[in-house]
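Contents: one structure, followed by commentary.
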Amino acid sequence: MWESLREALAAQPLLLLFLTIGLGYLLSLVTIKGIGLGVASVLFAGLALGMWGGHAFELPELVSQFGLLLFVYAIGVHAGPLFFRILRKSGLGLTLLALVAVGATGAAAAGAVRFLEISPELGIGLFCGAVTNTPALAAVSEALRGTPGALLPTVGYSIAYPLGVAIPILLAELVLQLGKVDMKAAVKQAESSTGEHYGTPSACNLEVKSEAVIGRPLSETPLFELPVRVSRLMRGEEVMVARPEAVLAAGDIVRVVGTEEDLAKARDLVGGEVRDVPGLEFRRDPVDYRRMIVSTPRLVGRKLGEIGLEKRYEAVVTRLRRGDQDFVPSAETVLERGDRLRVVARRDQMPEIATYLGDSTRAFSDTDFLSLSLGIVLGILLGIVKFPLPGGGTVHLGLAGGPLVVALILGWLGRSGPLIWSLPPAANQAFRQLGLVLFFSAVGLRAGGNFAVALASQGPLLIAVGAGLTLLATGILLGGAMGVLRMDWVRAAGVLAGGQTQPALLTFADDRSHSEAPNVVYTAIMPTAMIAKILVAQILVWVLEIG
């Protein structure tokens, strides 16, 4: 029976592919204290099936290549805008830290190959797994395509990957406990240092009492210099939209939206807080409020202050929801497709504002396949360009690095004329997940037989080397962030997650801090670390004289 099943699966590649994905999903449900292998579970399901089925269980190479392209392009487009913005502001230290961590780990992997008699291909795979970087593994697999040891990097990756996830989490938790970190103070410092006002928005009603604002237009008061949004103004029984030109009078009540910290500053500037003002908070006539989706193409990639919404209408955008995150936008906030704006406006203008923004779920979910295809084509072309190395060798970004670099740039640009480079949030997430499961399924099935052989012959040594490489990378990232860059634990955890290019670590940091600060730092260092790992992995192929 088992032999018949094996033959049937070998004859049906699509059935084999989706069986691998399904088993991987079941494996991903297994967690230890909330931490699991995530999408990488598909790789281990593929390895198990590959060990059982042997060389008959192989998927066409196009499956892994297509999956890799989808994954790296989607993640690059997503990371591009924040990556370049933070890189300009404070990215030099993070860039150098990422380069040092990746370079030192790569050198240690080369040393292990030289002195411990480990196969070079296995050593490079251990490097990729220890720093948990799938694109680097893909770049090496592509570089070694057709060589006798082409599958061994995947084996090394699979051995080192679980420890590459677990060790950094354990060390970060150890630093947290032994250092007796005051999490509340660390979060406050982290959010202040990142300059991102991504705290949960709140609202309060303030009575105008201060001489600093009485008799002055709202736009000329110190209140306008804070990262808050003033939505409504109540004078007597009349409620109106808080226009910038509205002159404040003593006794006026204004409704202000911002983080708790910024609202405290607003109270000091304006006057005392007034609670429970039903006429201001709950009336929806003549002033109403609604969530609206940005789906009009001409608005995507433009700053909120540039689109003319608040000048064209009596309206104020008080909150922006992007993905699962709410924050208070500013005039400089660049709109992305699918952003949901909380708009306060005159009730009679609401239909016209909805038309202006688009407010279409279907429209923002539609993927522009022209821009997607063009971006990937440019990425593939960049990936095949060979750059010379000292001594006569060459290196190229390949199917992993080329599309990633192009996607970062296009994501930063946002749009070029009628072409919108960004992907809808739902499509971006779907492409990333689909790309990873396709890639992991193909390489796992292909490497299954070699995985069993490697574990039987050098298992303990390979595990020890993988753990050592992860410890080295983790120590440099955590120590550099906290000791050299003087970061708090919250940002240092984000640096560790980004330097390891590991979403599981980011989830751990988010859960421990309940802050968006780790995400900001993660996004700042992750693309640099990813590109460095892709390049170092290929340099190792050249240095170790493989192929």
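At a threshold of 4.5 Å between non-hydrogen side-chain atoms, the residues Ile380 and Leu69 count as touching. Between Leu462 and Ile118 the shortest side-chain heavy-atom distance falls below 4.5 Å. The shortest side-chain heavy-atom distance between Phe127 and Val113 does not fall under the 4.5 Å cut-off. Looking at heavy atoms from C-beta onward, Val334 lies out of side-chain contact with Trp412 at the 4.5 angstrom threshold. When side chains are defined from C-beta on, Arg491 does not count as touching Leu485, because their heavy atoms never get closer than 4.5 Å. Looking at Thr132 and Thr470, their side chains never come closer than 4.5 Å, going by heavy atoms from C-beta outward. By the 4.5 Å heavy-atom criterion applied to side chains, Val42 and Ser441 are counted as neighbours. Side-chain contact between Cys204 and Arg267 is present, with heavy atoms from C-beta onward closer than 4.5 Å.
Going from atom CG of Leu436 over to atom CD1 of Ile21 covers 11.0 Å, rounded to the nearest 0.5 Å. From Leu174, atom CG reaches atom CG of Leu478 across 10.0 Å, with rounding to the nearest 0.5 Å. The structure places CG of Leu505 at 8.5 Å from OH of Tyr522, a figure rounded to the nearest 0.5 Å. Taking CG of Leu163 as the reference point, atom CG of Leu126 lies at 10.5 Å (rounded to 0.5 Å). Within the model, atoms CG of Leu477 and CG of Leu496 stand 6.0 Å from one another, a figure rounded to the nearest 0.5 Å. For the atom pair OG (Ser41) and CG (Leu29), the distance works out to 8.5 Å, reported to the nearest 0.5 Å.
Smallest separation of non-hydrogen atoms from Leu472 and Ala104: CD2-O, 3.6 Å. Across Cys128 and Leu137, no two heavy atoms sit closer than the pair SG-N, 3.6 Å. Residues Pro168 and Gln500 approach most closely at CG-NE2, 3.9 Å, considering heavy atoms. Contact between Ala45 and Gly24 at its shortest, heavy atoms only, is CB-N, 3.6 Å. Smallest separation of non-hydrogen atoms from Val406 and Gly379: CG2-CA, 3.6 Å. The two residues Leu116 and Gln458 make their nearest non-hydrogen contact at O-NE2, 4.5 Å.
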*Given side chain to side chain donor-acceptor pair (under 3.5 Å), test Glu121 with Ser119 step by step and report yes or no.*
CA-CA 5 Å; Glu121 294 90 346; Ser119 159; 2.8 Å; yes
_side chain to side chain contact (heavy atoms under 4.5 Å, CB included), that's the test. Do Tyr161 and Phe44 meet it? Break it down for me._
CA-CA 10 Å; Tyr161 183 91; Phe44 292 95; 4.2 Å; yes
*Check the pair Val140, Tyr157 against side chain to side chain contact (heavy atoms under 4.5 Å, CB included), reporting the backbone distance first and the verdict last.*
CA-CA 11 Å; Val140 172; Tyr157 177 94; over 6 Å; no
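Formation of a donor-acceptor pair under 3.5 Å by the Gln502 side chain with backbone atoms of Val131 is not found in this model. Of the possible polar contacts, none joining the Lys265 side chain to the Leu223 backbone as a donor-acceptor pair under 3.5 Å is found. Between the side chain of Asn428 and the backbone N or O of Ala74 there is at least one donor-acceptor pair closer than 3.5 Å. Here the side chain of Ser28 pairs a donor or acceptor atom with the backbone of Tyr25 at under 3.5 angstrom. Under the 3.5 Å distance criterion, the side-chain polar atoms of Arg229 are matched with a main-chain donor or acceptor of Val317. Formation of a donor-acceptor pair under 3.5 Å by the Trp489 side chain with backbone atoms of Met482 is not found in this model.
There is no side-chain donor-acceptor pair under 3.5 Å between Ser330 and Glu332.
When each of Ile539, Val536, Leu152, Leu540 is paired with Ile124, the side-chain contact (heavy atoms from CB on, under 4.5 Å) condition holds for Leu540 and for no other. Among Val328, Val294, Leu304, Leu335, the single residue meeting the side-chain contact (heavy atoms from CB on, under 4.5 Å) criterion with Leu320 is Leu335. With respect to Leu408, the side-chain contact (heavy atoms from CB on, under 4.5 Å) criterion is satisfied by exactly one of Ile531, Val72, Val77: Ile531.
Counting non-hydrogen atoms of other residues, nucleotides and ligands closer than 6.0 Å to CZ of Phe224 gives a total above 12.
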